[in-house]
Amino acid sequence: MKIIAANFKMNGDKEFIDNWFQNFEADTENLVVVGLPAIYLESSIQNFNKSNFKIAAQNVSKFINPGAYTGQMSSAMLNDVGVEFCIVGHSEAREHLCEDNESVYEKYNCLKSFSITPIVCIGESLEIREANNHLDFISDQIEKFKTAEDKIIFAYEPIWAIGTGLVPTQEQIEEMSSHIKSHFSQQVTVLYGGSVNSKNSSEILNMNNIDGVLVGGASLNAEEFANIAQS
């Protein structure tokens, strides 16, 4: 079983999301996880959560206790409405919300304390890749997680491949996945993300060290994402 995850980012409205779920039909044994804008989480969970189909949050607060954190959502709040997965550390959050490795790890621990499965995003810029520092950069991003005892899901998303149409070679993806897993004694799941679509998903999902995909833009089309889920 692979994990086929979608990230809607800041896209859609109620009508769009309702239509998306009505049009999504996939005969698959893979686990499908759909990351929605926060305002649509509860209604989507009530209407569409199934055994192999889960709704995910796109982010969470690093603060575990209630308090004066205007505009933030705690892990307790996500758990209260039935969220079972949550994306953390996406490159866009690291850039626009100034998240760093420490805060991503704090969010991971908050989610785990409420039995929510984190999907931890990591990835390097083109500058770091071209300087041949990509392995060290990823090692730094996952360093704090080496003390974790539970299963971990990482989504490797090279920043230079997100929304650009560029996809790393199979050798580059396999190298990075093996590198990530080599840091851990326990089972680690690695998803690949970055310009995934129905034309390249089968090739990516057939790679030995890849356990699923995290899909951005292509996930907004229900039929396209269904094809990916059935890859």
Side-chain angles (χ1 to χ4, degrees), residues 1-9 28-36 41 45 49 51-60 62 75 78-79 82-94 99 101-124 138-159 161-162 168 173-194 196 201 204-216 219 225 228-229 231:
M1 182 186 71
K2 304 279 187 174
I3 298 175
I4 313 297
N7 179 11
F8 278 27
K9 307 187 181 183
T28 179
E29 294 182 359
N30 293 321
L31 175 62
V32 177
V33 180
V34 179
L36 298 177
L41 288 171
I45 288 169
N49 231 20
S51 59
N52 70 328
F53 191 105
K54 301 298 180 183
I55 305 299
Q58 295 179 9
N59 209 338
V60 70
K62 69 177 182 179
S75 296
L78 295 180
N79 176 262
V83 170
E84 297 181 57
F85 286 81
C86 182
I87 300 168
V88 293
H90 194 279
S91 62
E92 293 157 0
R94 292 177 188 261
E99 295 185 2
N101 294 336
E102 177 67 31
S103 64
V104 173
Y105 184 62
E106 290 172 347
K107 292 181 179 196
Y108 169 88
N109 285 324
C110 288
L111 291 167
K112 296 297 289 187
S113 67
F114 283 91
S115 300
I116 299 172
T117 302
I119 298 176
V120 182
C121 297
I122 54 178
E124 81 283 1
I138 296 300
S139 293
D140 288 342
Q141 285 193 316
I142 64 178
E143 176 66 28
K144 290 185 175 295
F145 296 91
K146 291 167 65 175
T147 60
E149 298 179 355
D150 297 326
K151 297 178 182 179
I152 306 175
I153 301 175
F154 288 111
Y156 169 59
E157 292 195 301
I159 298 171
I162 298 175
I173 295 174
E174 290 275 18
E175 175 194 43
M176 187 59 77
S177 181
S178 297
H179 177 70
I180 294 166
K181 292 182 178 182
S182 71
H183 287 71
F184 299 89
S185 58
Q186 75 271 39
Q187 179 180 343
V188 171
T189 296
V190 176
L191 315 182
Y192 170 76
V196 177
S201 56
I204 294 169
L205 289 167
N206 284 328
M207 294 181 188
N208 291 331
N209 281 313
I210 291 299
D211 307 300
V213 289
L214 177 57
V215 187
S219 70
F225 187 66
I228 296 171
S231 296

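These numbers come from a predicted model, not from an experiment.
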Tell me the closest heavy-atom pair linking [X] and [Y], and the distance in Å.
X	Y	value
Ala155	Leu214	CB-CD2, 3.8 Å
Leu31	Phe53	CD1-N, 4.4 Å
Val196	Ser201	CG1-CB, 4.2 Å
Leu205	Ser231	CD1-CB, 3.6 Å

Knowing that exactly one of Val188, Ile119, Ile138 qualifies, which makes a side-chain contact (heavy atoms from CB on, under 4.5 Å) with Phe154?
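In the set Val188, Ile119, Ile138, the residue that makes a side-chain contact (heavy atoms from CB on, under 4.5 Å) with Phe154 is Val188.
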
Does [X] use its side chain to pair, donor to acceptor, with the backbone of [Y] at less than 3.5 Å?
X	Y	value
Asn7	Gly216	no
Tyr156	Pro158	no
Lys54	Glu84	no
Glu29	Met1	no
Ser75	Phe114	no
Ser178	Glu175	no
Lys107	Val60	yes

What is the distance from atom [atom1] of [X] to atom [atom2] of [Y], rounded to the nearest 0.5 Å?
X	Y	atom1	atom2	answer
Asn30	Ile3	CG	CD1	9.5 Å
Leu78	Leu111	CG	CG	7.0 Å
Thr117	Tyr108	OG1	OH	9.0 Å
Lys2	Ile204	NZ	CD1	11.0 Å
Met207	Ser177	CE	OG	10.0 Å
Asp140	Ile122	CG	CD1	11.0 Å

Side-chain donor-acceptor pairs under 3.5 Å in residues 143-152, sequence neighbours left out?
{"residue": "Lys144", "atom": "NZ", "partner": "Glu102", "partner atom": "OE1", "Å": "2.8"}
{"residue": "Thr147", "atom": "OG1", "partner": "Tyr105", "partner atom": "OH", "Å": "3.2"}
{"residue": "Thr147", "atom": "OG1", "partner": "Lys144", "partner atom": "O", "Å": "3.2"}

Validation row: [X], [Y] side chains within 4.5 angstrom (heavy atoms):
X	Y	value
Cys121	Ile87	yes
Arg94	Gln141	yes
Glu157	His90	yes

